[in-house]
2 protein chains.
Amino acid sequence: MGKEVLSEETIEVLRNPPLQDAARTITDGLRSHRTLLIIGNCRVDYQGRASSKLKPGDRMVIIKRDGSVLVHRPTGYDPVNWQPPGCKLQAYTEKGNLIVRAVRERPRETITIQFNKLYLLTSMALIDRGEFSLYASEEDMQRAVLLHPDLIEEGFKPITYEKKVEPGFIDVYGMDRDGRLVIVEIKRGTAGREAVLQLAKYIGSVKGEVNREVRGILAAPQLAKGAQKMLITLGLEYKRLDPKRCAELLRRSSVRKISEFL
Amino acid sequence: MGKEVLSEETIEVLRNPPLQDAARTITDGLRSHRTLLIIGNCRVDYQGRASSKLKPGDRMVIIKRDGSVLVHRPTGYDPVNWQPPGCKLQAYTEKGNLIVRAVRERPRETITIQFNKLYLLTSMALIDRGEFSLYASEEDMQRAVLLHPDLIEEGFKPITYEKKVEPGFIDVYGMDRDGRLVIVEIKRGTAGREAVLQLAKYIGSVKGEVNREVRGILAAPQLAKGAQKMLITLGLEYKRLDPKRCAELLRRSSVRKISEFL
DNA sequence: CGTGCCAGGTGCCAT
DNA sequence: ATGGCACTTGGCACG
């Protein structure tokens, strides 16, 4: 797989450009579907499902090649104004201002950005084919196990989750098909010796309370080398549990609240 | 009111900077709470409520002065990775890469951005005190109803708004021309089954308290198909209410404070 | 297409 | 801190 590097020519930077020049560069950029970044002082109007007015201030405007538009203030996670992908754009000067207008059909919405000064204009041909993967959180995996106990083993029946014992909280606490107590420790990533130790501590604690056999199962996508040895030594078990599969299972189920399970 | 213009010195632009220089500029920028814009080739890791991996590609990273972080790909409305305001940041080089790490406590979440090449680095002191106003929100609709109760029906008299009952808050609570209690639930978009359910819950709660007839009216611009059926089944009513029209009515009236109505 | 449902939702305001 | 809920929610899956 070759590394792709952007050549210098594919990124154009104008500092404090005259608005006329800016309009031309933006129009060119829009035509060739480049990514545009406009930083300057502007006001913004929005008309659509709702409507809004934003008085002048310094903002960053991102125009992506799929036609999405983001207007960002210097604070906050959310864009103050925006347009989702697929809208039609135009840029021009009018009465000494640079106007950028983005129109979306269905629903009909318009945002109009009016710059009186540009600090920076960047027109870029960014290349991004990097794969993105999102994995479930440990909480999600816990939910999945409660919802589908067979993920641990056939006949497993959860009794509680996050059960408090002396050393901490047991992820899932239940019973196997033969009525033996089972403690499940879930890890989202590769489970190391530390996880095994954690599980062992819980088992010790529970054994001290109930005085009968207690099984311990470490559920994780992968087991570190040293961890396997340790598991065997301590008489504990391992069950492969894939975060991605857990996430899929949850997506299919409509149960959201963890408290609805038991 | 004087117009504020950013002086040229308050915006620093580095093109294709060595990563060492970039790390220094970013660290300085973080300390002085400037807005940072980093464009380059990077991979991103996220660990927190969930976890994610993003393989290398060209991205735009915005670091705002409140500690929010946005990683944007060249397409899409959403940032591929992010951190809400208030997180702790650091930047440094390691093995020839520029690392930017943003950590949030409660919930503990970390994103790590690893650049192998920067195309552009901008450090800015943006000034934005422009007021933002949004019209035709659900709050506007509520205000409009309080100001012009006839929007619901002739003779409707509001008693309270945002009345707290067991399951939540009643948007508008009042009485019809015949002295029957009325609960109004307002939605600014198409009202679905969920909205009907919400209304039904409030009615149940109020009926349990007052032991007399209670009408329920769902006010929204549109009713989803399944919702209509459900409304009829539950003996509830629908009143068309347009957010834009509400905003219009408010503009004509000069009453702004919602507390001045009752 | 509309309708429903999830999101690393985020944000705002209440107790 | 937790709860309730709106959002120009946006996004996706599904009938």
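Basis for what follows: all heavy atoms, side chains included, without hydrogens, waters or symmetry-related copies. Order of the sequence lines fixes the chain letters, A, B, ..., with proteins taken first and strands second; residue numbering starts at 1 for each chain.
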_Using modelled atom types and a 3.5 Å cut-off, is there a donor and acceptor pairing between side-chain atoms of B:Thr233 and backbone atoms of B:Lys229?_
yes
*Would you indicate what B:Lys225 reaches in the nucleic acid, counting non-hydrogen atoms under 4.0 angstrom: base, sugar-phosphate, or nothing?*
sugar-phosphate
_Nearest-nucleotide pick for A:Pro84, side chain only, options being D:dA1, D:dG11, C:dG9_ = D:dG11
*Under 5.5 Å between ring centres and under 30° between planes: true for B:Phe169 and the base of D:dC5?*
no
*Atom CE of A:Met141 to atom C1' of C:dG8: distance rounded to whole Å?*
16 Å
*Distance-only, no hydrogens or angles: does the B:Asp128 side chain make a donor-acceptor pair with backbone N or O of A:Arg73 under 3.5 Å?*
no
*Could you measure between the two C1' atoms, the one in D:dC5 and the one in C:dA7, and give it in whole Å?*
15 Å
*Which is true for B:Gly48 with a 4.0 Å heavy-atom rule: it touches a base, it touches only sugar-phosphate, or it touches nothing?*
nothing
*How would you label the contact of B:Glu109 with the nucleic acid (heavy atoms, under 4.0 Å): base, sugar-phosphate, or nothing?*
base
*Would you call B:Lys164-B:Glu162 a salt bridge at under 4.0 Å N-O?*
no
*Can you figure out which of D:dC5, D:dG11, C:dG8 approaches the side chain of B:Gln198 most closely?*
D:dC5
*Taking only N and O in the side chain of B:Arg188, is any of them less than 4.0 Å away from OP1 or OP2 of D:dT9?*
yes
*Between B:Arg106 and A:Ile111, which has a closest nucleotide on DNA chain D that is more 5'?*
B:Arg106
*Is a donor on one side and an acceptor on the other found under 3.5 Å between the side chain of A:Asp171 and the backbone of A:Ile186?*
yes
*Base, sugar-phosphate alone, or nothing: which one does B:Ser52 contact when heavy atoms must sit under 4.0 Å apart?*
nothing
_Side-chain N or O of A:Trp82 closer than 4.0 Å to phosphate OP1/OP2 of D:dG10_ = yes
*Nearest-neighbour nucleotide for the B:Gln83 side chain, C:dG4, D:dG10, C:dG8 considered*: C:dG8
*Determine the Euclidean distance between corresponding C1' atoms of D:dA6 and D:dG10; express it in Å to zero decimal places.*
14 Å
_Presence of B:Gln228 side-chain N/O under 4.0 Å of C:dT3 phosphate oxygens OP1/OP2_ = no
*Could you tell me the separation between the CD atom of B:Glu166 and the P atom of C:dT15, rounded to a whole number of Å?*
14 Å
*asked:* Taking the basic N atoms (NZ, or NE/NH1/NH2) and the acidic carboxylate oxygens, is any pair closer than 4.0 Å for B:Arg188 and B:Glu139?
replied: no
*Base, sugar-phosphate alone, or nothing: which one does B:Glu185 contact when heavy atoms must sit under 4.0 Å apart?*
sugar-phosphate
*Quick one: do B:Arg251 and B:Glu248 make a salt bridge, cutoff under 4.0 Å?*
yes
*Spacing between B:Glu139 atom CD and C:dG11 atom C1', to the nearest angstrom*: 13 Å
*Using the P atoms only, state how far C:dG4 lies from C:dG8, rounded to an integer number of Å.*
22 Å
*Under a 4.0 Å heavy-atom cut-off, which of residues 71-81 of chain A touch DNA chain C?*
A:Tyr77, A:Asp78
*Would you mind telling me which of C:dG8, D:dT9, D:dA6 lies closest to the side-chain atoms of A:Leu134?*
C:dG8
*Please check the phosphate of D:dT8 (OP1 and OP2 only) for any side-chain N or O of A:Arg108 closer than 4.0 Å.*
no
*asked:* Once you apply a heavy-atom cut-off of 4.0 Å, does B:Glu138 come out as touching a base, just sugar-phosphate, or nothing?
replied: sugar-phosphate
_Nearest 0.5 angstrom please: A:Glu109 CD to A:Ser51 OG, how far?_
10.5 Å
*Can you sort out the partners of B:Arg240 under side chain to side chain contact (heavy atoms under 4.5 Å, CB included), two or more places apart, ordered by chain and number?*
B:Tyr238, B:Asp242
*Using a 4.0 Å heavy-atom cut-off across all strands, classify A:Phe132 as base, sugar-phosphate, or nothing.*
nothing
*Of B:Lys201 and A:Ala50, whose closest DNA chain D nucleotide lies nearer the 5' terminus?*
B:Lys201
